[in-house]
Amino acid sequence: MTQPLEKPAAHLEIIPATLEQEPILGNLLELYSHDFSELQELSLGEDGRFGYKRLPLYWSEPARYPFLIRMNGKWAGLVFVKRGSEVSGREAIWDMAEFFIVRAYRRRGVGTQTAHEIFRRFPGLWEVRVVPSNVPACHFWARAISSFTGEAINPARVENTNLWELYSFESKPGAELR
Ligand SMILES: CC(C)(COP(=O)(O)OP(=O)(O)OC[C@H]1O[C@@H](n2cnc3c(N)ncnc32)[C@H](O)[C@@H]1OP(=O)(O)O)[C@@H](O)C(=O)NCCC(=O)NCCS
């Protein structure tokens with residue numbers, strides 16, 4: 001009797017990006033910016049790209065951490081983590097500078113698994129800033145953070161260069177194991 005084929009388990013990797021992988025991040029950032037261009041005033045440059053001026057800083061400044069996400073051996077997104085609050089200027093804060101999951105991999109839990117792994121790798125105080133018009137991301141972060149900390153979270157509305165829904169919380173060692 002033949003056995004039903006078992007679906008292979010999804011294999012998620014969150015990889016610190018090397019300088020050689022900068023062009024891959026540059027390409028993924030174009031997809032990210034295109035998504036954002038529906039929410040914010042972003043226009044293409046003469047070269048047909050949105051561009052991301054701060055990208056080289058991720059290898060020249062020690063307080064910046066770029067990651068690539070790989071799902072079953074294929075690129076599935078990126079995460080940029082930065083030390084220092086964009087809201088208060090407080091140094092002892094991890095800031096979620098950018099977070100992006102490729103459309104084909106959305107609504108499968110990849111974003112949540114990635115966020116939890118990143119929170120685990122950077123214990124301490126965190127801030128996640130979301131533009132209020134990015135309603136799906138607000139739903140996503142409220143759920144991803146509360147399932148990590150085990151507590152409900154309500155964002156604060158803050159304004160500096162932008163208007164933000166600000167999620168502040170602490171990543172405590174072992175939190176995601178609850
Ligand atoms: C927001 C984003 C990261 C979510 O990634 P994802 O891998 O699809 O998230 P998950 O599958 O882990 O979603 C977990 C939960 O978040 C919520 N959620 C995720 N996407 C949502 C959407 N589009 N609308 C409403 N709720 C959503 C749901 O509650 C979801 O659970 P469910 O699928 O069981 O309903 C992804 O859509 C993305 O990269 N968007 C573009 C870039 C962006 O906005 N980044 C965040 C900047 S702050």
Side-chain angles (χ1 to χ4, degrees), residues 7 9-15 17 24-42 44 49-55 58 64-87 93-122 125-169 171 175-176 178:
K7 224 173 142 194
H11 180 51
L12 179 70
E13 294 170 272
I14 299 158
I15 308 162
I24 302 170
L25 284 169
N27 291 340
L28 291 171
L29 284 164
E30 291 298 308
L31 304 177
Y32 182 54
S33 299
H34 191 230
D35 273 356
F36 260 94
S37 66
E38 279 193 328
L39 304 171
Q40 288 189 315
E41 193 74 27
L42 284 183
L44 291 165
R49 297 174 67 85
F50 291 99
Y52 190 91
K53 287 200 181 83
R54 295 181 300 283
L55 185 55
Y58 279 84
R64 292 177 186 261
Y65 304 85
F67 294 92
L68 280 159
I69 306 168
R70 219 161 152 77
M71 187 68 178
N72 296 333
K74 304 274 185 203
W75 299 122
L78 62 82
V79 184
F80 287 180
V81 177
K82 192 174 68 55
R83 192 70 168 157
S85 168
E86 284 290 315
V87 177
I93 298 281
W94 296 115
D95 176 63
M96 189 65 84
E98 312 292 357
F99 192 96
F100 172 68
I101 303 298
V102 168
R103 282 176 182 250
Y105 294 102
R106 290 185 193 166
R107 300 307 284 264
R108 299 193 199 177
V110 175
T112 303
Q113 277 188 67
T114 302
H116 289 187
E117 174 60 19
I118 291 286
F119 298 153
R120 198 180 58 74
R121 288 191 198 183
F122 296 89
L125 299 174
W126 270 90
E127 286 181 358
V128 176
R129 294 166 289 116
V130 189
V131 289
S133 55
N134 195 353
V135 176
C138 291
H139 285 300
F140 166 74
W141 284 115
R143 200 156 158 200
I145 296 167
S146 61
S147 61
F148 181 78
T149 60
E151 289 164 13
I153 185 157
N154 289 309
R157 186 60 74 93
V158 297
E159 190 164 10
N160 50 18
T161 49
N162 241 311
L163 191 61
W164 302 110
E165 296 282 1
L166 179 70
Y167 296 85
S168 307
F169 63 100
S171 165
E176 83 285 6
R178 262 200 294 266

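All values reported here derive from a predicted model rather than from experimental measurement. First listed ligand is number 1; within each ligand, the first listed atom is number 1. These numbers come from the heavy atoms of this one structure, side chains and all, not from hydrogens, waters or symmetry mates.
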task = Kindly confirm or rule out a cation-pi arrangement of R54 over Y58, judged by NZ or CZ under 6.0 Å from the six-membered ring centre and within 45° of its axis?
result = no
note = Checking heavy atoms under 4.0 Å, the part of T114 that sits near ligand 1 is neither
key: Heavy-atom side-chain contact between F80 and R64 under 4.5 Å   = no
inquiry  = Regarding ligand 1, does R108 bring an N or O atom to under 3.5 Å of one of the ligand's N or O atoms?
reply    = yes
query = What is the nearest protein non-hydrogen atom to atom 7 (O) of ligand 1, stated with its residue, atom name and distance?
reply = G111 N, 2.8 Å
ask   = What protein heavy atom is closest to atom 23 (N) of ligand 1, reported as residue, atom name and distance in Å?
value = P136 CB, 3.3 Å
request  = Note the single closest protein heavy atom to atom 12 (O) of ligand 1, along with its residue, its atom name and the distance in Å.
outcome  = T112 OG1, 2.5 Å
Stacked cation flag R157 on W164, 6.0 angstrom / 45 deg = no
request  = Would you mind listing which atoms of ligand 1 come within a distance below 4.0 Å of any non-hydrogen atom of N134?
outcome  = 43 (C), 44 (O)
message = Would V130 count as a polar contact of ligand 1, with the cut-off being nitrogen or oxygen pairs under 3.5 Å?
response = no
request  = Measure from the side-chain N and O atoms of N72 to the backbone N and O of H11, and report whether any donor-acceptor pair falls under 3.5 Å.
outcome  = yes
inquiry  = Just checking F122 against Y65, ring centres under 6.0 Å apart?
reply    = yes
task = Specify the protein heavy atom at minimum distance from atom 37 (O) of ligand 1: its residue, its atom name, and the distance to 0.1 Å.
result = R106 CD, 3.2 Å
request  = List every atom of ligand 1 that sits less than 4.0 Å from any heavy atom of R129, numbering the atoms from 1 in the order shown and giving each element.
outcome  = 48 (S)
request  = May I ask you to identify, for M96, whether its side chain, its backbone, both or neither come under 4.0 Å of ligand 1 on a heavy-atom basis?
outcome  = neither
message = If the cut-off is 4.0 Å to any non-hydrogen atom of G109, which atoms of ligand 1 fall inside it?
response = 10 (P), 11 (O), 12 (O)
ask   = For ligand 1, is there an N or O atom under 3.5 Å from any N or O atom of H139?
value = no
query = Between F50 and F36, is the gap from one ring center to the other below 6.0 Å?
reply = no
query = To which protein heavy atom is atom 15 (C) of ligand 1 closest, and what is the distance rounded to 0.1 Å?
reply = R143 NH1, 4.0 Å
query = Less than 4.5 Å apart, any side-chain heavy atom of S33 and any of R49?
reply = no
inquiry  = Give me the nearest non-hydrogen protein atom to atom 13 (O) of ligand 1 as residue plus atom name, then the distance to 0.1 Å.
reply    = F140 CD1, 3.8 Å
message = Return the CG to CZ distance between D35 and R106, rounded to the nearest 0.5 Å.
response = 4.5 Å
query = Does R103 reach ligand 1, in the sense of a heavy atom lying below 4.0 Å from it?
reply = no
message = For C138, is there any backbone N or O sitting under 3.5 Å from a side-chain donor or acceptor partner on Y167?
response = yes
ask   = Within the side chain of E13, is there an N or O that forms a donor-acceptor pair under 3.5 Å with the backbone of M71?
value = no
ask   = In the protein, what heavy atom is nearest to atom 45 (N) of ligand 1, and what distance, to one decimal place, separates them?
value = F99 O, 2.8 Å
message = Checking the side chain of N160 only, and the main-chain atoms of E86 only, is there a donor and an acceptor separated by less than 3.5 Å?
response = yes
remark   = Filtering I69, L31, I101, D35 for the heavy atom nearest atom 39 (O) of ligand 1 leaves I101
ask   = Do F169 and S146 have side chains that get closer than 4.5 Å, going by heavy atoms?
value = no
ask   = Nearest to atom 48 (S) of ligand 1, what protein heavy atom do you find, and at what distance?
value = W141 NE1, 3.4 Å
task = Could you pull out, from R107, H116, Q113, E98, the option with a heavy atom nearest to atom 24 (N) of ligand 1?
result = R107
